[in-house]
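The block underneath contains the structure these notes are about, expressed in structure tokens.
Throughout, protein chains are lettered first and strands after them, A, B, ... in sequence-line order, and every chain is numbered starting at 1.
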Number of protein chains: 2
Amino acid sequence: MSLTLEDIAQLSSVSRSTVSRVINGDANVREETRRRVLEVIQRNNYQPNLAARQLAAGHTKVIGLVIPAGVGTIFSDPYFAQFTQGLSDACSEKEYSIMLWLASPEYERRMIRRILGSSLVDGIVVLSTLVDDPLVSALHESQMPFILIGSHPSLEVNSVDVDNIEGARLATRHLLSTSPSKIATITGPQNMMVGRERYQGFAQAVTENGRKLEDTLAVEGDFTEMGGYTAMKSLLAAQPQAVFAASDLMATGAMRAIREAGLRIPADIAIAGHDDMPIASQTNPALTTVRQPLGQMGLLTIETLIELIHHPGQPTRRIVLKPELIIRASCGSSPAN
Amino acid sequence: MSLTLEDIAQLSSVSRSTVSRVINGDANVREETRRRVLEVIQRNNYQPNLAARQLAAGHTKVIGLVIPAGVGTIFSDPYFAQFTQGLSDACSEKEYSIMLWLASPEYERRMIRRILGSSLVDGIVVLSTLVDDPLVSALHESQMPFILIGSHPSLEVNSVDVDNIEGARLATRHLLSTSPSKIATITGPQNMMVGRERYQGFAQAVTENGRKLEDTLAVEGDFTEMGGYTAMKSLLAAQPQAVFAASDLMATGAMRAIREAGLRIPADIAIAGHDDMPIASQTNPALTTVRQPLGQMGLLTIETLIELIHHPGQPTRRIVLKPELIIRASCGSSPAN
DNA sequence: CTGAAAGCGCTTACAG
DNA sequence: CTGAAAGCGCTTACAG
């Protein structure tokens, strides 16, 4: 039904080798020939069959995006949507397509095998959240080029990440600038690297400030609104004056708990979040938070992955982007806006 | 590097035709032979090369998911994440993979061509929101099996949808049961089918109730929190006692505006939303809303699409699922919870 | 700069 | 029930 290379070759009176060359931008084609072939291609709206190309050339132009999704409603965190959007934009630009796998735990093992064995993709982006994800180890042992979004505690893998420690430190420092008598944090799950790192950043800022970490309060949340709410409730008894929540979603929940307790933000309790999701600027008061350059991350990820695909065996790269503190009204040290 | 059909054939001392048959579940294989081959496959963890299979058989086992994303931050609406999750689960079950295309307008035309021409997928799911999406027309003119999530004003296409009119009607009826003197609605964009349909449902409920539609207030929102907020502000002057917001995100924004105006929910203004996203149960008061069976939609979509792929030329099917009213405290006619 | 030919790893009539 | 052979639509040395 659709045209093949062969058809285009006949229509332009050249061999299919030549057509293939012009399609792939090979320099060894006379300018006039190239123009003629290109014209035929355009006129007939020809699209090469990707399966055939892959089989012959050993590569497709698609990359796999793996997101561990089974765990609760984490996938509905706007973070994933935003990152995916960034990645997708970058792929369009580079003429790659994205194969999406939302890994629910039950299918995980089977899925790894399918991904690796079926040679459907040239490379993989894993958005791994767990500290010691078997997916990452499996990928690491395979020959498949891949990039981990985040970090891994022990393995040397190519990764793109935002500096979570720095992000948490920025937010915590800002909270400390109002000299609260007691500061607390609602952490992310400690079996996730982001959860751990953001707690580390919090701890560093506290220590830098000349305080003892022991005098500090920490409750573990699960990155959901409800988790933030519950955590804040249990924190309330200790009467903190400042709280760093490791995600905006949790900050939102915490604000709800604070409001229900009849306390004012920031007068009674100052609060800061992390991620700068759309809602952050709409809460009341607007939420001080940390912005991650998600669009840039997507582009860097794809560029690095393509580099890896074309030139394997390079030294492992770890790219860490700087987060940015966004000051709003919830910490009290800025004009309410 | 990885094994091929040929390797498996040699290892099990049969021809590759036979191996292919056992892999594809062809009945014409002696039971003993099948077992032996299967054993070799398992032991070597063999995965067929999908590109080769596609080239030979004319089909891959992947379906494309197209989501128009460029328009604002719509993609970060939890609705998309939830639907995608449902679709992904269904695909895992059926051993299909998902190719994801987030269509930003600039790339749209080019993308349609790539999708249709490259024969990368067996079928397509389009999550089209616009009333008259060129993507849908293009798909409709092609031979590619596809399912539209939503509805189309004029084209006869295979579609899976939730009854948006009914959903809006349920919510509006519930609001009317408290006999407000004046009822208003914050609609979705009227260039989207859901926006139009939910307004229709609102209008039907109002008319049913013996009221005149003209006595009613309607402001168009854009499905974001901010849009709901702005719309509610402009509605406030007219002092409605009840508001139906066409999405929970907009309802959240509207609640913020109401609160800022110093009014109480539901005492002064009752409010209902649509979608039952995670936040709906966490707002204060909890939001009455309409739940869509997204998981079921995903499964039905995949099943129907697979049916379409295997048996083309069937009469066009339109599957419409029933939404469910979730009564919470924001309408005042239930115990606060 | 260009073409003829082999080959990528499968599936599928066709014969037996 | 099984195998030999052709073919899917490309790419890529190899020769010229």
Side-chain angles (χ1 to χ4, degrees), chain A residues 1-38 40-41 44-62 95 114 116-122 309-310, chain B residues 1-38 40-41 44-62 95 114 116-122 309-310:
Chain A
M1 206 193 52
S2 30
L3 295 184
T4 71
L5 241 206
E6 186 67 52
D7 299 326
I8 300 296
Q10 290 195 358
L11 289 170
S12 13
S13 324
V14 292
S15 73
R16 57 173 183 263
S17 313
T18 300
V19 177
S20 179
R21 287 192 193 97
V22 347
I23 288 173
N24 294 296
D26 190 308
N28 291 324
V29 182
R30 193 158 32 118
E31 195 45 42
E32 190 209 311
T33 313
R34 176 190 309 281
R35 240 197 297 276
R36 184 152 39 92
V37 173
L38 236 30
V40 175
I41 288 177
N44 293 281
N45 197 2
Y46 166 72
Q47 293 291 126
N49 179 310
L50 258 53
R53 167 180 284 184
Q54 164 173 9
L55 193 54
H59 68 255
T60 152
K61 295 246 281 183
V62 3
E95 307 222 287
R114 268 178 77 197
L116 296 177
S118 62
S119 58
L120 252 181
V121 298
D122 291 345
I309 291 167
H310 293 315
Chain B
M1 204 194 51
S2 32
L3 295 184
T4 70
L5 240 206
E6 186 67 52
D7 299 325
I8 300 298
Q10 289 195 358
L11 289 170
S12 15
S13 323
V14 293
S15 73
R16 58 172 183 262
S17 312
T18 300
V19 177
S20 179
R21 287 191 193 96
V22 349
I23 288 173
N24 293 297
D26 190 309
N28 291 325
V29 181
R30 193 156 34 116
E31 194 46 41
E32 191 208 311
T33 313
R34 174 189 310 280
R35 239 196 299 276
R36 184 152 39 93
V37 173
L38 237 29
V40 175
I41 288 177
N44 293 282
N45 197 4
Y46 166 73
Q47 294 290 125
N49 179 309
L50 258 53
R53 168 180 282 184
Q54 166 176 6
L55 193 54
H59 67 254
T60 154
K61 296 248 280 183
V62 3
E95 307 221 288
R114 268 178 77 197
L116 295 177
S118 63
S119 58
L120 252 180
V121 298
D122 291 346
I309 292 167
H310 293 316

Inset, instruction - Would you name the heavy atoms of A/Pro48 and A/Arg53 that are closest together and state the gap between them? - result: CG-NH2, 3.5 Å
Inset, instruction - Grab the two heavy atoms, one from B/Glu95 and one from B/Lys61, that are nearest each other, plus how far apart they are. - result: O-CE, 3.7 Å
Inset, instruction - Could you list the residues that satisfy side chain to side chain donor-acceptor pair (under 3.5 Å) with B/Ser20, not counting sequence neighbours? - result: B/Asn24
Legend entry - OG1 on A/Thr4 to CD on A/Gln10, rounded to 0.5 Å: 8.0 Å
Inset, instruction - Give, for atom CD1 of A/Ile23 and atom CD of A/Gln47, the distance between the pair rounded to the nearest 0.5 Å. - result: 9.5 Å
Legend entry - Pairs where residues 11-24 of chain B contributes a residue and the test salt bridge (Lys or Arg N to Asp or Glu O under 4.0 Å) is met, not counting sequence neighbours: B/Glu6-B/Arg16
Inset, instruction - Identify the 5'-most and 3'-most nucleotides of DNA chain D with at least one atom closer than 4.0 Å to a non-hydrogen atom of chain A. - result: D/dG9 to D/dA13
Inset, instruction - Please assess B/Val14 against B/Arg30 for the test side-chain contact (heavy atoms from CB on, under 4.5 Å), listing each intermediate value before the final yes or no. - result: CA-CA 12 Å; B/Val14 293; B/Arg30 193 156 34 116; over 6 Å; no
Inset, instruction - Please determine which of B/Asn28, B/Leu38, B/Thr33, B/Ile8 meets the side-chain contact (heavy atoms from CB on, under 4.5 Å) test together with B/Val22. - result: B/Leu38
Legend entry - Near-strand residues of residues 14-31 of chain A, defined as heavy-atom separation under 4.0 angstrom from DNA chain D: A/Arg16, A/Ser17, A/Ser20, A/Arg21, A/Asn24
Inset, instruction - Give a yes or no on whether a salt bridge exists between A/Arg35 and A/Glu32, defined as a side-chain N under 4.0 angstrom from a carboxylate O. - result: no
Inset, instruction - Please name all residues satisfying side chain to side chain contact (heavy atoms under 4.5 Å, CB included) with A/Ala52, sequence neighbours left out, ordered by chain then number. - result: A/Asn49, B/Leu55
Legend entry - Dot-bracket pairing map - DNA chain D, Watson-Crick plus G-U, both contacts under 3.5 Å, | cross-strand: |||.||||||||.|||
